Novice: 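Here it is: the structure, laid out below.
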Amino acid sequence: MALRLYNTLTRTKDDFRPIDPARVRMYVCGPTVYDYAHIGNARPVIVFDLLFRLLRHVYGDDHVTYVRNITDVDDKINARAASEHPDLPLNEAIRKVTSVTEAQFMADVTEIGCLAPSAQPRATEHIDDMTAMIERLIARGVAYVAEDHVLFSPGAMNAAPGPRYGSLARRSLDEMLAGARVDVAPYKRDAMDFVLWKPSKPGEPGWPSPAGIAPLGRPGWHIECSAMSMAKLLAPWGGGLTCDDPAKNVFDIHGGGIDLVFPHHENEIAQSCCAFGTDVMANVWMHNGFLQVEGEKMSKSLGNFLTIRQLLNDWPGEVLRFNMLRSHYRQPIDFTLKGLEESWKLLDDWYGAVGALEGAEAAPTVVEALSDDLNTPKAIAEIHALDDASALAGSLRLMGFLAESPAAFAARRPRADVDAAEIEAAIEARLAARRAKDFAASDRIRDELAAKGIVLKDGKDPATGAAVTTWELKR
RNA sequence: GGCCACGUGGCGGAGUGGUUACGCUACGGAUUGCAAAUCCGUCUACGGGGGUUCGAUUCCCUCCGUGGCCUCCA
């Protein structure tokens with residue numbers, strides 16, 4: 001069954017063929033660890049986790065390498081560290097902020113059903129790779145030193161043969177210049193030049209600079225992904241700066257949010273392609289659409305800024321995950337309470353239908369839907385069409401659901417403020433009244449419980465035929 | 001201002017140049033002492049206006065609306 005993926009680079013949906021048929025290599029831009037991740041951040045994490053699971057299903061669990069980086073060098077981290085731990089030396093405060101935030105992120109995404117990537121490199125662990133790459137870019141004439149900065153020149157890149165700057169975003173340099181709104185730093189030769197390395201301010205974290213620059217410095221944002229993808233996805237297979245074979249310096253899939261297309265991914269491509277002499281950095285570029293909350297863009301000023309952690313207080317992680325996958329990953333998504341309720345109901349139904357089935361296989365129809373550029377709405381429709389509990393369980397597991405027992409999932413419904421024994425007693429009294437055909441009393445008891453939000457479900461014991469009543473809290 | 005997406009029935013949400021996706025809700029039936037739950041069934045759509053076509057929700061143009069990006073912001 002062919003896997004087809006939409007490629008932002010070509011704007012077409014094509015059959016996916018890994019460079020190494022036995023080894024799929026994927027890189028996804030991960031979080032900047034300065035604060036709780038919000039639900040918008042969760043979208044690419046969930047989407048590419050699903051792709052990771054599908055690739056493992058198709059190619060085998062041990063034949064997919066998924067790298068998701070952690071950005072731990074950033075101005076926002078510095079600012080947060082300074083304001084949160086004013087008593088500590090900045091570097092220590094930064095370590096504290098990044099380690100706490102990273103642990104929180106991992107806990108959050110684990111709870112929404114995401115497998116750990118094969119590797120999660122931190123930017124600070126790959127500074128040497130970045131400076132080596134920067135040296136290479138200078139040597140190749142596409143980067144230059146100015147006032148202790150190192151800048152990449154898209155103009156120089158486009159003056160040479162090879163890939164064009166702007167081909168991912170489909171914008172020419174002229175168009176970008178025409179749209180530029182921001183003041184151009186004086187040390188730049190050209191407005192489009194972007195920073196590879198910059199000097200650290202006093203007190204900021206700093207590392208030995210490349211290109212003979214004396215002061216300590218720190219990397220620009222884009223170079224880290226070029227360096228870390230090289231270290232984790234090229235070097236282990238013979239690629240990297242010491243390899244002069246362009247064919248070994250390309251990996252399969254690069255993913256992230258659609259807002260990263262420009263400038264982040266465009267710049268990554270420029271850096272990696274110029275450093276390695278390749279035409280592409282990765283063969284397939286995948287981008288997930290943007291997320292809104294209750295029809296509005298999420299922002300702190302609107303007061304609708306939802307962190308994953310806040311949502312997990314009220315909703316099971318699988319409900320958040322399902323709600324996210326109800327829309328196709330490239331479409332915009334509107335995250336709403338109504339949608340979460342509906343998602344929870346469906347998961348409840350499925351948990352009930354599946355029971356305690358173990359080790360089931362996914363339905364071919366579901367795998368096929370997912371193989372068509374992760375068409376999750378179609379996959380969900382196919383799940384609805386299944387009449388076999390085993391295929392249902394297998395299909396849901398493939399998508400990262402059913403991680404807990406039906407009982408554990410059912411217990412996630414809030415019922416803290418009700419007295420179960422009291423309700424059971426009322427139910428017994430009602431059953432007695434019904435047996436006595438005292439329906440007025442029976443209905444009164446039911447109404448009283450309903451007023452407390454308790455819904456009764458009448459049934460029969462399949463063996464004895466005796467009346468049995470269960471209850472749950474109204475949603 | 002420039003560039004780029006998206007706009008489907010009460011709601012969510014796929015898809016397609018001509019034949020009811022699917023789900024939730026609502027409604028009808030079965031069931032029930034009556035309900036709830038369950039099962040069966042039913043209804044409503046393709047933002048506005050032009051164009052191409054035998055035929056467009058699907059292609060093209062335009063307008064409106066929403067959103068994204070435009071050099072360090074996920």
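Bear in mind the structure is a predicted one, so any value in this text is a computation, not a measurement. Proteins come first, then strands; the chains are lettered A, B, ... in the order of their sequence lines, and each starts at number 1.
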Novice: Between N or O atoms, less than 3.5 Å apart, protein on one side and nucleotides 4-6 of chain B on the other: list the pairs.
Specialist:
none

Novice: Identify which nucleotide among B/A14, B/C73, B/C22 has an atom closest to any side-chain atom of A/W221, counting heavy atoms from C-beta outward.
Specialist: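 In terms of side-chain proximity for A/W221, the closest of B/A14, B/C73, B/C22 is B/C73.
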Novice: Do you see a donor-acceptor pair shorter than 3.5 Å between the side chains of A/Y27 and A/E268?
Specialist: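 A/E268 and A/Y27 do not have a side-chain donor-acceptor pair below 3.5 Å.
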Novice: If you only use heavy atoms from C-beta on, which nucleotide in B/G67, B/G15, B/C73 is closest to the side chain of A/N375?
Specialist: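 The listed nucleotide nearest to A/N375's side chain is B/G15.
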Novice: With nearest nucleotides of RNA chain B determined for A/F194 and A/N288 from heavy-atom distances, which residue corresponds to the more 5′ nucleotide?
Specialist: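 First, find each residue's nearest nucleotide; the 5'-ward one identifies A/F194.
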Novice: From B/C24, B/G67, B/C72, pick the nucleotide closest to the side chain of A/V195?
Specialist: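 Comparing B/C24, B/G67, B/C72 against the side chain of A/V195, the answer is B/C72.
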Novice: Which part of the nucleic acid does A/Y34 contact within heavy-atom distance under 4.0 Å: base, sugar-phosphate only, or nothing?
Specialist: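 A/Y34: backbone/sugar contact only, no base atoms under 4.0 Å.
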Novice: Check A/E422 with A/K452, please: is the shortest side-chain N to carboxylate O separation under 4.0 Å?
Specialist: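 Yes, charged N to carboxylate O under 4.0 Å.
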Novice: Touch check for A/K437, heavy atoms < 4.0 angstrom, all strands: base, sugar-phosphate only, or nothing?
Specialist: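 A/K437: no heavy atom of the nucleic acid under 4.0 Å.
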Novice: B/A14, B/C24, B/G68: which one has an atom nearest the side-chain heavy atoms of A/P377?
Specialist: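 Minimum distance to the A/P377 side chain belongs to B/A14.
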Novice: For the C1' atoms, the ones on B/U42 and on B/C24, what distance do you get once it is rounded to whole angstrom?
Specialist: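 Going atom to atom, C1' in each nucleotide, I get 16 Å.
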Novice: Establish, from distance only, whether the side-chain atoms of A/H149 and A/Y187 form a donor-acceptor pair under 3.5 Å.
Specialist: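 Yes, side-chain donor-acceptor contact under 3.5 Å.
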Novice: Any base atoms under 4.0 Å from A/R171, or only sugar-phosphate, or nothing? Heavy atoms, all strands.
Specialist: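 Base, at least one base atom sits under 4.0 Å.
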Novice: If we count only N and O atoms by modelled type, under 3.5 Å, do the side chains of A/T307 and A/H38 hold a donor and an acceptor together?
Specialist: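 No, because no side-chain N or O of A/T307 sits under 3.5 Å from a partner of the opposite role on A/H38.
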Novice: Between B/G50 and B/U58, how far apart are the two P atoms, rounded to whole Å?
Specialist: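 My reading of the P atoms in B/G50 and B/U58 gives 13 Å.
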Novice: Of the nucleotides B/G12, B/U38, B/C22, which one has an atom closest to the side chain of A/K345?
Specialist: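 Out of B/G12, B/U38, B/C22, the nucleotide with an atom closest to A/K345's side chain is B/U38.
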Novice: As a quick check of understanding, evaluate salt bridge (Lys or Arg N to Asp or Glu O under 4.0 Å) for A/R326 and A/D334, giving each step before the final call.
Specialist: CA-CA 10 Å; A/R326 292 206 308 165; A/D334 188 14; over 6 Å; no
Novice: Before giving the answer on salt bridge (Lys or Arg N to Asp or Glu O under 4.0 Å), spell out for A/R309 and A/E111 the whole-Å C-alpha distance, their side-chain angles and the decisive distance to 0.1 Å.
Specialist: CA-CA 10 Å; A/R309 184 46 41 190; A/E111 221 175 305; 3.4 Å; yes
Novice: Distance check, C1' atoms only: B/U52 and B/G2, in whole angstrom units.
Specialist: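 It works out to 30 Å between them.
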Novice: Does the side chain of A/N267 get closer than 4.0 angstrom to OP1 or OP2 of B/C72 through an N or O atom?
Specialist: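 Checking B/C72 against A/N267, no side-chain N or O comes under 4.0 Å of OP1 or OP2.
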Novice: Would you measure the distance from the P atom in B/C34 across to the matching atom in B/U25 and give it in whole Å?
Specialist: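 The same atom, P, in both gives a distance of 23 Å.
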Novice: At 4.0 Å (heavy atoms only), tell me whether A/I383 reaches a base, stays on the sugar-phosphate, or touches nothing.
Specialist: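 It contacts nothing in the nucleic acid.
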Novice: Please pick, from B/A14, B/C24, B/G67, the nucleotide with the shortest atom-to-atom distance to any side-chain atom of A/Q292.
Specialist: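 Between B/A14, B/C24, B/G67, the one nearest the side chain of A/Q292 would be B/G67.
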Novice: Using atom P of each nucleotide, how far apart are B/C60 and B/U53 to the nearest Å?
Specialist: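 It comes out at 16 Å once rounded to the nearest Å.
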Novice: Determine the Euclidean distance between corresponding P atoms of B/U31 and B/C22; express it in Å to zero decimal places.
Specialist: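 Taking atom P in both B/C22 and B/U31, they lie 27 Å apart.
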Novice: Across the strands shown, which category fits A/H264 at heavy-atom distances under 4.0 angstrom: base, sugar-phosphate, nothing?
Specialist: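 Since no nucleic acid heavy atom lies under 4.0 Å of A/H264, the category is nothing.
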Novice: Closer than 3.5 angstrom, by distance alone: can the side chain of A/S200 be matched with the main-chain N or O of A/P205 as a donor-acceptor pair?
Specialist: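 Side chain of A/S200 to backbone of A/P205, a donor-acceptor pair under 3.5 Å: yes, one is there.
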Novice: Just the rounded figure in Å: distance from P of B/C72 to CE of A/M192.
Specialist: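 For the pair A/M192 CE and B/C72 P, the rounded distance is 11 Å.
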Novice: Given atom NZ of A/K378 and atom P of B/U8, what is their separation to the nearest angstrom?
Specialist: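 Checked: the NZ to P distance equals 21 Å.
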Novice: Specify the separation, in whole Å, of atom NZ of A/K13 and atom P of B/A14.
Specialist: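 Atom-to-atom, A/K13 to B/A14, this comes out as 12 Å.
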Novice: Any luck finding a side-chain donor-acceptor pair between A/D108 and A/Y36 under 3.5 Å?
Specialist: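 Result is no, nothing qualifies.
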Novice: What's the CD1-P distance between A/I380 and B/A14, to the nearest Å?
Specialist: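 It works out to 10 Å between those atoms.
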Novice: Expressed in angstrom and rounded to an integer, what is the separation of A/I427 atom CD1 from B/A36 atom C1'?
Specialist: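 Result: 12 Å.
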Novice: Rounded to the nearest angstrom, tell me the gap between atom CG in A/L346 and atom P in B/G13.
Specialist: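 Result: 14 Å.
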Novice: Under the salt bridge (charged side-chain N to carboxylate O under 4.0 Å, His left out) test, which residues partner A/K297, sequence neighbours left out?
Specialist: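 If we apply the salt bridge (charged side-chain N to carboxylate O under 4.0 Å, His left out) test to A/K297, skipping adjacent residues, there are no hits.
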Novice: Rounded to whole Å, please give me the gap between NZ in A/K338 and P in B/G13.
Specialist: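 It works out to 10 Å between those atoms.
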Novice: Applying side chain to side chain donor-acceptor pair (under 3.5 Å), can you list everything that pairs with A/E424, at least two apart in sequence or on another chain?
Specialist: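 A/E424 satisfies side chain to side chain donor-acceptor pair (under 3.5 Å) with A/W471 only.
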Novice: Taking atom types as modelled, find out whether A/Y6 and A/D14 have a side-chain donor-acceptor pair closer than 3.5 angstrom.
Specialist: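 The criterion, which ignores hydrogens and geometry beyond distance, is not satisfied for A/D14 and A/Y6.
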Novice: Output the rounded distance in Å from OH (A/Y329) to P (B/A14).
Specialist: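 Taking OH of A/Y329 and P of B/A14, I get 12 Å after rounding.
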Novice: Looking only at atom P, what distance separates B/C4 and B/U62, rounded to whole Å?
Specialist: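 One P to the other, the span is 11 Å.
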Novice: Polar atoms only, N or O, under 3.5 Å: list the protein pairs with nucleotides 39-47 of chain B and their distances.
Specialist:
none

Novice: Distance check, P atoms only: B/G7 and B/C39, in whole angstrom units.
Specialist: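 About 32 Å, rounded to a whole number of Å.
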Novice: Answer yes or no: is there an ion pair linking A/D443 with A/R430, defined by an N-O contact shorter than 4.0 Å?
Specialist: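 Looking at A/R430 together with A/D443, the answer is no, because their closest N to O distance does not fall below 4.0 Å.
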Novice: Check the orientation of A/W344 and A/F409. Use parallel for under 30°, tilted for 30 to 60°, and perpendicular for over 60°.
Specialist: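 Ring orientation, 0 to 90° scale: perpendicular.
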Novice: Any salt bridge between A/R122 and A/E102, counting N to O under 4.0 Å?
Specialist: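 Answer for the salt bridge query: yes.
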Novice: Do A/E224 and A/N69 have a side chain donor and acceptor closer than 3.5 Å?
Specialist: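 Their side chains do contain a donor-acceptor pair, which is all the 3.5 Å distance test asks for.
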Novice: I want to check a possible cation-pi pair here: A/R171 against A/F262, using under 6.0 Å from ring centre and within 45° of the ring axis as the test.
Specialist: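 Ring-cation test returns yes.
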Novice: Angle class for the A/F194/A/F152 ring planes (parallel below 30°, perpendicular above 60°, tilted otherwise)?
Specialist: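 Parallel: the ring planes of A/F194 and A/F152 meet at under 30°.
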Novice: Give RNA chain B the dot-bracket treatment, 5' to 3': Watson-Crick (N1-N3 with N6-O4 or O6-N4) or G-U (N1-O2, O6-N3) under 3.5 Å, [ ] crossing, | other strand.
Specialist: (((((((..(((.....[...))).(((((.......)))))....(((((..]....))))))))))))....
Novice: Check the interface with nucleotides 29-35 of chain B: list each N/O to N/O pair with the protein under 3.5 Å, or write none.
Specialist:
from: B/G33; atom 1: O6; to: A/S442; atom 2: OG; distance (Å): 3.2
from: B/G33; atom 1: N1; to: A/D443; atom 2: OD1; distance (Å): 2.9
from: B/G33; atom 1: N2; to: A/D443; atom 2: OD2; distance (Å): 2.6
from: B/C34; atom 1: O2; to: A/R446; atom 2: NH2; distance (Å): 2.7
from: B/C34; atom 1: N3; to: A/R446; atom 2: NH1; distance (Å): 2.9
from: B/C34; atom 1: N3; to: A/R446; atom 2: NH2; distance (Å): 3.3
from: B/A35; atom 1: N6; to: A/D458; atom 2: OD2; distance (Å): 2.7
from: B/A35; atom 1: N1; to: A/D458; atom 2: OD2; distance (Å): 2.8
from: B/A35; atom 1: N3; to: A/R446; atom 2: NH1; distance (Å): 2.7

Novice: Mapping A/D334 and A/E382 to their closest nucleotides on RNA chain B, which lands nearer the 5' end?
Specialist: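 On the 5' side of the pair lies A/D334.
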